[in-house]
Colleague: 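Got a structure for you, questions after.
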Amino acid sequence: MAYEAKWAKLWREAKVFEADPIKGKPKFFVCVPYSYQNGPLHLGHAFTFTRGDSYARFRRMQGFNVLFPWSWHWTGEAVAGTSERLKRGDPAIVRLLRDIDKVPEELIPRFTDPAFICKYYTTENKKVVDAMGFSVDWRREFYTTNLHPYYSKFINWQYLKLREKGFVSKGEHPVVWCPNCQSATGDHDRLIGEGIVPEEYTLVFFKCDDFYLAAGTLRPETIFGATNVWLNPDAEYVLIEYDDKKVLVSKRAAEKLLEQKHAINIIKSINAKDLIGKKCKAPITGVELPILPANFVDPDVVSGVVYSVPAHAPYDYVALLELQRSANMNAELLRVLNPISIISVPGYGDFPAIEIVKRMGISSQNDERLDEATKEIYTKEFHEGVMKDNCGEYSGLPVRVARDAIKTRLISTGLGDVMYDLSAKVICRCGTECLVKIVKDQWFLTYSNPEWKEKVKLHIMRMGIFPEEARQWFLNVVDWLRDWACTRKTGLGTPLPWDSSWIVETLSDSTIYPALYTISKYMNNGTVKPEQLTSEVFDYVFLGVGDLITISKKTNIPEKVLKDMRDEFLYWYPVDCRISAKELVPNHLTFYIFQHVALFDENLWPRCVSVNGMITIEGEKMSKSKGNMIPIKTALAKYGADATRCTLLLAAEDMDDPDWRDKNAQEVRRMLDLLLKIVDEVSSSELETNENRLDRWLISRMFKRVKSVTDAMESLKTRTACHEALYGMYNDWKWYARRRKKLSRSALRFLDTWIRLLAPFAPFTAEEAWSKLGREGFASLAKWPDYRVEEVDELAEAAEDLLAKLLRDIREIVEVVGGKPSKVHVYVSSKWKLDVLSIILNFDLKEIMRNPSAAIKESLKNFPEKKKEMPTFVKKLIEHVSTFPSETPKKVLLELASQEKGIYEEAKSFLESEIGCPFYIWIEDEQGIYDPSGKSKQALPLRPGIFVEMNR
RNA sequence: GCCGGGGUACCCGAGCCUGGUCAAGGGGGUGGGCUUAAGACCCACUGGCGUAGGCCAUCCUGGGUUCGAAUCCCAGCCCCGGCACCA
């Protein structure tokens with residue numbers, strides 16, 4: 001759109017969105033999360049950003065001094081990954097860059113430098129942000145990582161503070177690990193196994209000779225039901241030195257355990273067949289169990305050793321059956337191998353595993369349905385199972401309680417341990433199979449800290465959260481959050497201030513940066529140099545700690561500048577509203593609250609968060625791999641910024657996912673063009689100066705729209721707001737223009753307000769219309785219209801409703817009868833019916849709807865001569881009255897009814913042109929009335945009788 | 001599995017909290033108007049039946065509460081999203 005570029009330029013030249021503190025003027029700080037610069041901005045970004053910008057514009061027009069800043073996220077490993085893949089010559093990445101992201105061919109070789117990638121996209125994307133009309137104060141722009149030194153200084157300060165306050169700790173944790181790449185393998189780095197996370201198993205040690213068999217299980221409580229230990233006779237086993245014990249596990253398990261913190265030495269290989277038939281001793285119970293062969297035991301899963309609980313584990317039971325069928329089992333062993341029932345669970349007898357195996361007709365260890373059976377029993381017993389009397393001190397405990405207690409006891413007595421493994425195969429992009437590694441010396445943000453959690457939860461309960469449903473989600477996330485590993489070894493970012501072998505992780509460096517916006521312009525314009533930004537400076541600016549004069553001397557920052565930065569921070573902070581997609585609720589947005597709570601005074605904690613859904617394209621999830629990713633740039637070229645913005649806003653509200661449809665965008669484009677046309681038409685036509693009821697109607701409707709748009713925006717209902725501003729106003733306009741052949745000056749007033757209401761959503765079109773209308777200044781800076789209740793005219797509105805209803809009724813009659821109408825007779829009800837209406841309106845409507853007898857009695861008192869027809873008439877009238885909106889005042893209904901004939905008379909020519917034949921307006925009982933079909937008797941107040949003469 | 005959000009007409013979607021104004025609004029389709037024509041725009045219709053403005057059906061399914069249920073309660077079915085070292 002040509003006019004969009006024009007207005008973008010004018011805004012820039014007039015610096016309309018640059019915001020500085022103004023004493024006494026209320027401020028409003030709106031922000032959206034910065035986006036990661038590994039690709040072009042797409043419609044998903046655009047949705048959140050447009051909501052943010054529209055809200056910022058709305059507040060600005062309301063008279064707030066609004067700060068809406070922008071910056072770019074460079075921290076992370078993904079960009080580095082792209083570079084690596086490019087260096088390796090991965091053809092897929094070249095295709096992606098060239099075909100999907102439209103990177104110019106000649107620049108692609110330079111993408112081997114991660115910093116170049118970020119710079120490239122930042123430059124591209126900044127153009128897009130401007131073209132979308134986002135009302136950004138660019139003087140405050142920054143990007144992350146140590147490539148932008150003052151950002152790193154800010155991160156340094158933040159982490160030193162967090163550590164000082166005890167919110168950072170050192171520890172270890174399990175990750176999915178690629179032994180080839182020597183790094184953690186996140187979901188997006190995997191060829192196979194998306195969503196697979198390290199699972200915690202319990203190793204249970206069974207003593208055998210001078211070593212232990214380490215059986216892995218998810219269900220340590222079943223140790224009471226163990227009947228034997230299974231080994232796979234064909235698998236490779238090894239004896240290892242495991243801490244201070246000798247332990248037998250599969251060869252593969254030994255490799256896995258090597259990554260899991262233990263001192264491990266392989267002593268020798270063991271042939272499982274040599275152990276079959278031997279005995280071992282179970283921990284806790286001390287029972288002697290035989291070691292038996294089972295081919296379902298997978299040496300690649302956990303330890304490759306399994307103990308058997310045939311009563312409660314379908315696999316074990318089926319393996320047992322098969323063993324018993326095979327000939328060479330001796331009778332003594334079989335005797336021992338009776339299933340032992342240890343858990344009672346509703347819906348099952350003593351042996352759930354046996355029941356389910358029989359029910360499903362499973363007879364082989366290789367039957368795939370065993371997984372299903374296992375899962376069912378596992379779930380059922382975990383949630384509803386209770387330990388039976390034969391479980392020692394654990395008898396009577398729910399399974400879920402007993403499980404943890406037994407695990408703890410096994411570990412503390414040295415007869416068990418924790419082992420991590422993956423529930424399914426994970427293959428790294430490099431093709432190597434991953435395993436679980438316990439990363440040592442990892443730094444954590446201690447989100448598990450109960451006091452910290454509590455403070456965060458209290459704040460979440462108090463702050464503004466839109467939509468309201470998201471509040472509970474936030475609270476649940478806080479409960480669920482564990483310590484967060486906040487450092488990485490690779491990728492772009494800021495080195496951890498006290499240990500530069502680590503880089504602050506991407507989500508962890510993106511928490512309180514809105515604070516930086518309040519002062520970044522001082523760095524951007526060179527007033528303050530990065531190296532001057534010592535911790536004392538940040539302490540002073542953000543926390544008000546330290547002595548101004550001393551710090552100024554130390555850092556060479558003039559006192560006034562320091563003071564200004566402090567004042568400016570205090571002016572803008574806290575953030576009044578942060579707008580984001582809902583996917584950030586379980587991480588970024590919650591971290592954002594945590595970190596503010598940890599570092600700042602309570603009055604500087606975030607005031608409000610609004611979350612929205614995630615985009616789909618023509619009903620499909622948007623993704624690069626699907627090839628349906630739409631860059632903002634593409635939408636801009638097709639529909640322009642305003643149509644793109646409105647199409648997105650109109651697509652969804654609250655946490656619903658917006659669906660982008662090209663058809664909708666085309667339609668919105670037409671609507672915006674139509675608006676400009678209407679403005680042209682009105683400004684070039686002669687307007688009547690006298691005003692009538694229709695003008696009052698228009699203005700009344702207009703103010704109701706003002707109210708609904710304002711209310712919707714106040715609660716971040718951007719879809720409703722945009723819809724009302726665009727289509728709500730348009731519908732009113734259509735009726736007005738149709739009814740009033742000659743427009744009056746109220747048309748101007750209406751357009752003036754329409755443009756203002758639209759300005760947050762379609763700012764370019766609003767500016768264009770504003771200037772076409774001859775208004776001075778920018779629509780973006782125009783005053784937001786106030787709702788004026790005194791301009792609401794319920795009577796005028798009800799009168800138009802009456803006419804619309806009359807037209808509908810006549811059309812329906814014509815439709816049913818068929819043919820073309822030649823004359824329409826309208827009969828307004830007689831005086832006494834009006835009086836009955838007035839009587840009825842004295843009653844509580846709900847009351848007489850239930851039981852009309854009181855109203856009937858009262859009416860009869862006044863009109864005893866109508867004894868016969870009164871009961872039916874009153875009931876009919878009550879029913880009719882109830883179809884009017886309940887908020888219509890009774891006074892208005894009565895007044896309207898008394899003016900009914902006049903309303904039809906006044907609109908006669910309109911009615912005639914709508915239906916296409918002459919109208920005759922009568923009163924039901926007047927002299928000389930033309931009423932061949934007796935339709936006048938049907939007249940009710942506010943519902944005239946109608947007689948349509950038809951042409952054959 | 002856990003947590004969160006949903007299921008409304010041909011499609012998209014409001015209404016649900018606070019029961020009766022009710023099945024909004026937009027798209028698509030059909031018919032008509034305007035126009036030299038096309039487009040744009042305007043109007044009507046778009047579940048069924050109906051020779052008078054009406055009647056009946058309908059808001060995932062099945063029960064219940066109520067004079068009255070898309071809305072409140074109970075049970076069930078189905079869909080989508082998040083689930084940790086990843087932006």
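In what follows, chains carry the letters A, B, and so on, assigned in the order in which the sequence lines appear, proteins first and then strands, with residues in each chain numbered from 1.
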Colleague: Give one of base, sugar-phosphate or nothing for Glu77(A), where a contact means two heavy atoms less than 4.0 Å apart.
Modeller: sugar-phosphate
Colleague: Can Trp480(A) be called stacked on A84(B) when the rule is centres closer than 5.5 Å and an angle between planes below 30°?
Modeller: yes
Colleague: Across the strands shown, which category fits Val175(A) at heavy-atom distances under 4.0 angstrom: base, sugar-phosphate, nothing?
Modeller: nothing
Colleague: Using a 4.0 Å heavy-atom cut-off across all strands, classify Val176(A) as base, sugar-phosphate, or nothing.
Modeller: nothing
Colleague: Salt bridge check, Arg471(A) against Glu468(A): does any charged N sit closer than 4.0 Å to a carboxylate O?
Modeller: yes
Colleague: So do the side chains of Tyr736(A) and Arg701(A) get within less than 4.5 Å of each other, counting heavy atoms only?
Modeller: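 In short, these two side chains do not touch, never coming nearer than 4.5 Å.
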Colleague: Can a donor-acceptor pair under 3.5 Å be found between the side-chain atoms of Asn587(A) and the base atoms of A87(B)?
Modeller: yes
Colleague: With the side chain of Leu481(A) defined as its heavy atoms from C-beta on, choose the nearest nucleotide among C86(B), G26(B), A84(B).
Modeller: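 Given the options C86(B), G26(B), A84(B), the side chain of Leu481(A) is closest to A84(B).
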Colleague: On the nucleotide A24(B), are OP1 or OP2 found under 4.0 Å from the side-chain N or O atoms that Asn731(A) carries?
Modeller: no
Colleague: Look at the side-chain N and O atoms of Lys734(A) and state whether any lies under 4.0 Å from the OP1 or OP2 oxygen of C41(B).
Modeller: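 Answer is no, no contact under 4.0 Å.
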Colleague: More 5' along RNA chain B: Lys677(A) or His588(A), using each one's nearest nucleotide?
Modeller: Lys677(A)
Colleague: Does Arg738(A) have a side-chain nitrogen or oxygen under 4.0 Å from the phosphate oxygens OP1 or OP2 of C41(B)?
Modeller: no
Colleague: What integer number of Å spans the C1' atoms of G19(B) and A70(B)?
Modeller: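 10 Å, rounded to whole Å.
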Colleague: In whole Å, what separates the C1' atom of G39(B) from that of G6(B)?
Modeller: 41 Å
Colleague: Are any of the side-chain nitrogens in Arg669(A) or Asp673(A) under 4.0 Å away from the carboxylate oxygens of its partner?
Modeller: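 Answer for the salt bridge query: yes.
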Colleague: Give His173(A) one of three labels, base, sugar-phosphate or nothing, depending on what nucleic acid heavy atoms sit under 4.0 Å from its own.
Modeller: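 Since a base atom lies under 4.0 Å of His173(A), the category is base.
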Colleague: Which parts of nucleotides 2-13 of chain B does protein reach within less than 4.0 Å, heavy atoms only, written one letter per nucleotide 5' to 3' as B for base, S for sugar-phosphate only and - for none?
Modeller: -SSSS-----SS
Colleague: So, are Glu794(A) and Lys704(A) salt-bridged, with charged N and O less than 4.0 Å apart?
Modeller: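 A salt bridge is present here (some side-chain N lies under 4.0 Å from a carboxylate O).
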Colleague: Does any part of the side chain of Tyr121(A), heavy atoms only, come nearer than 4.5 Å to the side chain of Trp72(A), both counted from C-beta?
Modeller: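 A side-chain contact under 4.5 Å is absent here.
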Colleague: Looking across every strand, which nucleic acid part, if any, lies under 4.0 Å from Ala485(A) by heavy atom: base, sugar-phosphate, or nothing?
Modeller: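 Base contact.
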Colleague: For Lys707(A), what residues pass the salt bridge (charged side-chain N to carboxylate O under 4.0 Å, His left out) criterion, not counting sequence neighbours?
Modeller: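 In terms of salt bridge (charged side-chain N to carboxylate O under 4.0 Å, His left out), with neighbours along the sequence ignored, Lys707(A) is linked to Asp711(A).
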Colleague: When we call it a touch if two heavy atoms are under 4.0 Å apart, what does Arg670(A) touch: a base, just sugar-phosphate, or nothing?
Modeller: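 Here Arg670(A) touches the backbone only, sparing every base.
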Colleague: Using side-chain contact (heavy atoms from CB on, under 4.5 Å) as the criterion, list what pairs up with Phe466(A), not counting sequence neighbours.
Modeller: Cys608(A), Ser610(A), Ser715(A), Leu716(A)
Colleague: Is any side-chain N or O of Arg705(A) closer than 4.0 Å to OP1 or OP2 of G25(B)?
Modeller: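 Checking G25(B) against Arg705(A), no side-chain N or O comes under 4.0 Å of OP1 or OP2.
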Colleague: Rounded to whole angstrom, note down the C1' distance from G25(B) over to G15(B).
Modeller: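 One C1' to the other, the span is 11 Å.
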